[in-house]
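The chains referred to below are lettered A, B, ... by the order of the sequence lines, with proteins before strands, and numbering in each begins at 1.
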2 protein chains.
Amino acid sequence: MSDCDTCLVRNRAICAALSPDELGALSKLGRKQMVTRGQTLVWEGDEALVVANVIQGVLKLSVSTADGREQIVGVVFPSDFIGRPFGKESPYGVTALTDAEVCIFTRASFDGFAKDHPDLQHKLLQRTLDELDRARQWMMLLGRKTASERIATLLLEISNRLGSSSCSAITPFLDEFELPMDRQQMGDVLGLTIETVSRQLTKLKDADMIELPDRRRVVIKDRRRLENIALAA
Amino acid sequence: MSDCDTCLVRNRAICAALSPDELGALSKLGRKQMVTRGQTLVWEGDEALVVANVIQGVLKLSVSTADGREQIVGVVFPSDFIGRPFGKESPYGVTALTDAEVCIFTRASFDGFAKDHPDLQHKLLQRTLDELDRARQWMMLLGRKTASERIATLLLEISNRLGSSSCSAITPFLDEFELPMDRQQMGDVLGLTIETVSRQLTKLKDADMIELPDRRRVVIKDRRRLENIALAA
DNA sequence: GTGCAACATTGACCTAGGTCAAAAGGCTCA
DNA sequence: TGAGCCTTTTGACCTAGGTCAATGTTGCAC
């Protein structure tokens with residue numbers, strides 16, 4: 001790595017807390033790395049040896065049971081931070097949902113750097129608090145929402161996160177976008193089966209709330225109505 | 001407040017990051033407060049004006065839908081930290097499950113203090129990362145586990161948390177304990193109904209894995225077997 | 001182009017857990 | 001000691017979503 005100046009997420013990742021000098025020092029510790037769809041960066045249960053910033057692409061955090069059930073417990077977008085600084089094995093795996101580019105550090109070197117940079121830790125704390133709030137909203141979804149409420153929530157969430165993480169961060173959300181995951185993975189985020197996901201999508205399509213031009217593409221045609229469903233009102 | 005020296009959680013709460021001097025300064029900003037069972041400290045959606053450390057008792061963090069469905073998204077025990085430092089309205093309510101005692105600060109004063117004490121922020125970050133991991137484990141439970149797996153997991157979790165937060169922190173867990181919540185609240189943590197909770201408990205009792213001397217008391221008779229169920233293996 | 005393999009949809013049926021309703025305990029207060 | 005009120009348990013029934021099994025799609029290799 002070297003040219004943080006041209007980094008796509010320079011001003012949105014935790015790096016934004018750093019001065020040009022500090023950034024230079026941090027950049028010596030890390031390097032940019034491409035990850036291809038399906039590639040796993042960290043295995044569930046392994047000692048977490050690396051942390052990273054997402055520059056491009058989308059990755060999942062996931063947990064599995066011994067008998068093969070899987071739950072996706074987080075989806076990370078550009079500018080998000082990956083990993084468990086300050087010790088501990090990773091309780092979830094990290095796998096690319098799309099081709100992606102990350103800015104990767106060994107945990108040891110990152111921890112060392114962070115110890116001397118309170119501003120960085122402060123940004124990390126804020127980010128972690130936000131992530132925790134999001135996780136808790138998702139607990140409500142998993143514990144209490146119906147299948148259609150879940151699907152509506154997911155579509156809006158992806159629309160928002162892709163919107164605010166898009167290069168042209170003008171738009172707060174997108175009305176047309178590419179799903180960064182397949183049906184199975186949607187099910188794994190929502191605690192549903194692939195069949196239920198498919199059925200609910202067709203239902204939303206039949207009700208003219210969305211369009212599905214192809215497997216991956218989604219067009220939101222009636223955001224208001226979709227939001228009403230998502231809110232479980 | 002004044003005598004942090006005699007505080008039950010002095011060495012386990014985030015305060016442990018502070019020197020006696022610093023602790024003195026912080027203690028001037030906060031005060032101890034009793035909370036009675038059922039009392040709400042923070043309302044869902046309100047500007048989060050306070051943060052606190054739990055000294056005694058157990059509290060819940062909960063989210064509700066417009067139509068009255070509730071999900072408990074967190075349970076906090078002695079030495080745990082409550083609240084959302086650094087801005088934002090609280091996305092969940094905080095309510096006492098048992099009579100409790102907390103050490104409470106206005107968010108503004110706490111934020112100010114934290115800004116000048118990186119060690120405190122560091123502890124807070126670690127705690128938040130742990131809490132996030134716990135939330136994600138719970139997402140797996142809510143998304144993919146069966147009713148009996150959920151109940152087994154909850155009983156073990158409470159046994160562990162009560163054990164490690166008990167004054168006599170000798171025991172890593174307890175084989176006999178008082179549930180800090182009723183059946184409805186167990187359902188709200190687990191994403192189940194009260195009836196299902198009840199039925200599953202009787203099933204575990206009939207299978208001789210637990211005893212239920214009274215409504216609130218639980219005796220774990222066969223931890224091994226309970227763990228096997230909880231792990232969804 | 002065609003053939004194949006992976007993904008997605010649809011249909012028929014099943015079941016875990018929800019719902020509704022009725023007992024059965026347990027506390028509290030007199 | 002018993003009346004009244006909760007909380008919990010139990011039972012009978014129902015349904016959202018899971019399971020299993022075809023049937024369509026789509027994209028890619030050759």
Any donor-acceptor N or O pair under 3.5 Å, side chains B:Arg31, B:Gln33: yes

Walking along DNA chain C from 5' to 3', note the first and the last nucleotide with an atom under 4.0 Å from a heavy atom of chain B, and give both. C:dG17 to C:dG26

Do you see a donor-acceptor pair shorter than 3.5 Å between the side chains of B:Arg12 and B:Ser164? no

For B:Leu142, run the side-chain contact (heavy atoms from CB on, under 4.5 Å) check against A:Arg144, A:Met139, A:Met140, A:Gln71 and tell me which one passes. A:Met139

Value in whole Å for how far the P atom of D:dT9 lies from CG of B:Asp214: 11 Å

Under 3.5 Å, is there a donor on one side chain and an acceptor on the other for A:Lys203 and A:Ser148? no

B:Phe177 six-ring centre to B:Arg216 NZ/CZ under 6.0 Å and within 45° of normal: no

So, A:Ser198 side chain and A:Ile194 main chain: donor-acceptor pair closer than 3.5 Å or not? no

First of B:Thr202 and A:Ser148 reached from the 5' end of DNA chain D, by closest nucleotide: B:Thr202

Of A:Arg150 and B:Glu195, the one whose nearest nucleotide on DNA chain D sits closer to the 5' end is B:Glu195

Any donor-acceptor pair, under 3.5 Å, between the side chain of A:Arg215 and the base of D:dG27, if you only look at N and O atoms? no

Could you list by number each residue of residues 179-194 of chain A showing a heavy-atom separation from DNA chain D of less than 4.0 Å, or answer none if no residue does? A:Gly191, A:Leu192, A:Thr193

Counting C-beta onward and ignoring hydrogens, is there a side-chain heavy-atom pair between A:Tyr92 and B:Gln137 closer than 4.5 Å? no

Which one of A:Leu190, A:Leu154, A:Val189 satisfies the side-chain contact (heavy atoms from CB on, under 4.5 Å) criterion with A:Leu141? A:Leu190

